[in-house]
Q: 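Right, I'll just put the structure down here and ask away after.
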There are 2 protein chains.
Amino acid sequence: MEKLVLLKKFGANIKKIRESKGLAQIDLAVKMGYADDATSISRIEAGRTNPTLFTIHKISTALDMPMADLLDFNALEE
Amino acid sequence: MEKLVLLKKFGANIKKIRESKGLAQIDLAVKMGYADDATSISRIEAGRTNPTLFTIHKISTALDMPMADLLDFNALEE
DNA sequence: TATAAACTTGACATATATGTCATCATAGGC
DNA sequence: GCCTATGATGACATATATGTCAAGTTTATA
């Protein structure tokens with residue numbers, strides 16, 4: 001898969017899960033320990049950054065979702 | 001989970017899967033498109049770097065393993 | 001249409017990932 | 001002992017992730 005496509009798919013998946021939990025970007029950011037600033041979340045959800053494993057792990061913890069689930073967006077399409 | 005622990009677990013998992021496929025680090029590196037150099041693989045397996053999503057994706061493709069499986073190393077322990 | 005909540009965007013300093021090279025260490029087989 | 005395969009390590013230039021701020025946009029709603 002091409003890089004930009006991958007990042008967009010991941011971002012869309014995070015957004016979908018976040019919204020399913022009724023959280024705003026800022027809520028997720030605060031849960032991840034950020035200083036009341038959702039910039040990083042916005043970038044990730046838009047696919048404008050290539051997050052590291054540790055960042056993915058922090059999202060996973062904050063959303064209470066296994067990392068494996070966050071990356072399982074290829075079961076549907078390819 | 002603490003960052004260093006996470007990176008070490010991920011690295012150990014990659015190493016286990018790579019070896020189960022009978023591949024040397026250099027084989028994986030070449031499959032990922034690197035120039036006959038396994039330095040990056042060595043770093044990742046040792047947990048000395050915090051790989052990006054795209055790097056994880058390249059490993060996934062090269063090892064023919066879903067990304068979700070590569071990150072599913074918490075099913076066993078925590 | 002005014003207001004507020006939610007999200008986006010550009011910029012910034014800092015840290016670190018990436019890919020590569022040269023070199024070193026280790027282990028096994030001959 | 002020698003050679004080869006394998007992996008580890010330090011250094012390097014370059015690219016980019018991270019966390020933050022300020023400012024802008026979008027959306028909804030009263």
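Heavy atoms only: backbone and side chains are in, while hydrogens, waters and symmetry mates are out. In what follows, every chain begins at residue 1, and chains take the letters A, B, ... in the order their sequences are listed.
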Q: Honestly curious: do B/I44 and B/I26 fall in one hydrophobic cluster under the side-chain, below-4.5 Å linking rule?
A: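 B/I44 does not cluster with B/I26.
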Q: Give the rounded distance in Å between these two atoms: CZ of A/F10 and P of D/dA17.
A: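 For the pair A/F10 CZ and D/dA17 P, the rounded distance is 13 Å.
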Q: Between A/K21 (side chain) and A/L63 (backbone), is there a donor-acceptor pair under 3.5 Å?
A: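 The answer is yes, because a donor-acceptor pair under 3.5 Å joins these two groups.
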Q: Is B/I59 reachable from B/Y34 through a run of hydrophobic residues whose side-chain heavy atoms are each under 4.5 Å from the next?
A: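 Both belong to a single hydrophobic cluster.
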Q: For B/R48 and C/dT16, what is the distance between atoms CZ and P respectively, to the nearest whole Å?
A: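 To the nearest whole Å, that distance equals 14 Å.
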Q: Base, backbone or nothing for each nucleotide of nucleotides 23-30 of chain D, written B, S, -, heavy atoms under 4.0 angstrom, 5' to 3'?
A: --------
Q: When you measure from the side chain of A/S42 to the backbone of A/T39, do you find a donor-acceptor pair of N or O atoms at a distance under 3.5 Å?
A: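 No: the side chain of A/S42 does not pair with the backbone of A/T39.
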Q: If you only use heavy atoms from C-beta on, which nucleotide in C/dA17, D/dA17, C/dT9 is closest to the side chain of A/S42?
A: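 In terms of side-chain proximity for A/S42, the closest of C/dA17, D/dA17, C/dT9 is C/dT9.
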Q: Check whether any side-chain N or O of A/D27 sits under 3.5 Å from a backbone N or O of A/A24 as a donor-acceptor pair, and report yes or no.
A: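 At least one qualifying donor-acceptor pair exists.
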Q: Verify, without hydrogens or angle tests, whether A/N50 (side chain) and B/F54 (backbone) share a donor-acceptor contact under 3.5 angstrom.
A: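 Here the side-chain-to-backbone pair exists.
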Q: Strictly under 4.0 angstrom, non-hydrogen atoms only: write out the protein contact profile of nucleotides 18-30 of chain C, one letter per nucleotide from the 5' end, B, S or -.
A: BBBBB--------
Q: What's the spacing between B/K8 NZ and B/K3 NZ if we round to 0.5 Å?
A: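 NZ of B/K3 is found 13.0 Å from NZ of B/K8.
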Q: Return the NE2 to CE distance between B/H57 and A/M1, rounded to the nearest 0.5 Å.
A: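 Interatomic distance, B/H57 NE2 to A/M1 CE, rounded to 0.5 Å: 4.0 Å.
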Q: So what is the end-to-end bend of the helix from C/dT1-D/dA30 to C/dC30-D/dG1, with 5 pairs used at each end and the value given to 10 degrees?
A: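 For the helix from C/dT1-D/dA30 to C/dC30-D/dG1, the axes at either end differ by 40°.
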Q: Quick one: A/L6 CG to D/dT16 C1', roughly how many Å, whole number?
A: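 So the two atoms are 16 Å apart, to the nearest Å.
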Q: Looking at DNA chain D, which of residues 17-25 of chain A put a heavy atom within less than 4.0 Å of it?
A: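 Those residues: none at all.
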Q: What is the distance from NZ of A/K15 to P of C/dC7, rounded to the nearest Å?
A: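 Result: 6 Å.
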Q: Determine, step by step, whether A/T52 and B/L53 satisfy the side-chain contact (heavy atoms from CB on, under 4.5 Å) criterion, reporting the C-alpha distance in whole Å, the side-chain angles of both residues, the deciding distance to 0.1 Å, and the verdict.
A: CA-CA 6 Å; A/T52 63; B/L53 177 56; over 6 Å; no
Q: Can you list the residues that meet the salt bridge (Lys or Arg N to Asp or Glu O under 4.0 Å) rule with B/K58, with sequence neighbours excluded?
A: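 With sequence neighbours excluded, B/K58 shows a salt bridge (Lys or Arg N to Asp or Glu O under 4.0 Å) to no residue whatsoever.
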Q: What pairs with B/R43 under salt bridge (Lys or Arg N to Asp or Glu O under 4.0 Å), at least two apart in sequence or on another chain?
A: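 Partners of B/R43 under the salt bridge (Lys or Arg N to Asp or Glu O under 4.0 Å) test: none.
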Q: Hydrophobic clustering (ILVMFWY, side-chain heavy atoms < 4.5 Å, transitive) - are B/I41 and B/V30 grouped together?
A: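 They do not share one cluster, since no chain of ILVMFWY contacts under 4.5 Å joins B/V30 to B/I41.
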Q: Check for a donor-acceptor pair, side chain of B/D72 on one end and backbone N or O of A/A68 on the other, with a separation under 3.5 Å.
A: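 Side chain of B/D72 to backbone of A/A68: no pair is present.
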Q: Take atom CD1 of B/I26 and atom P of D/dT4, then tell me their distance rounded to the nearest Å.
A: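 Going from CD1 in B/I26 over to P in D/dT4 covers 17 Å.
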Q: Tell me the interatomic distance from B/E45, atom CD, to D/dT9, atom C1', rounded to whole angstroms.
A: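 So the CD-C1' distance, B/E45 to D/dT9, works out to 15 Å.
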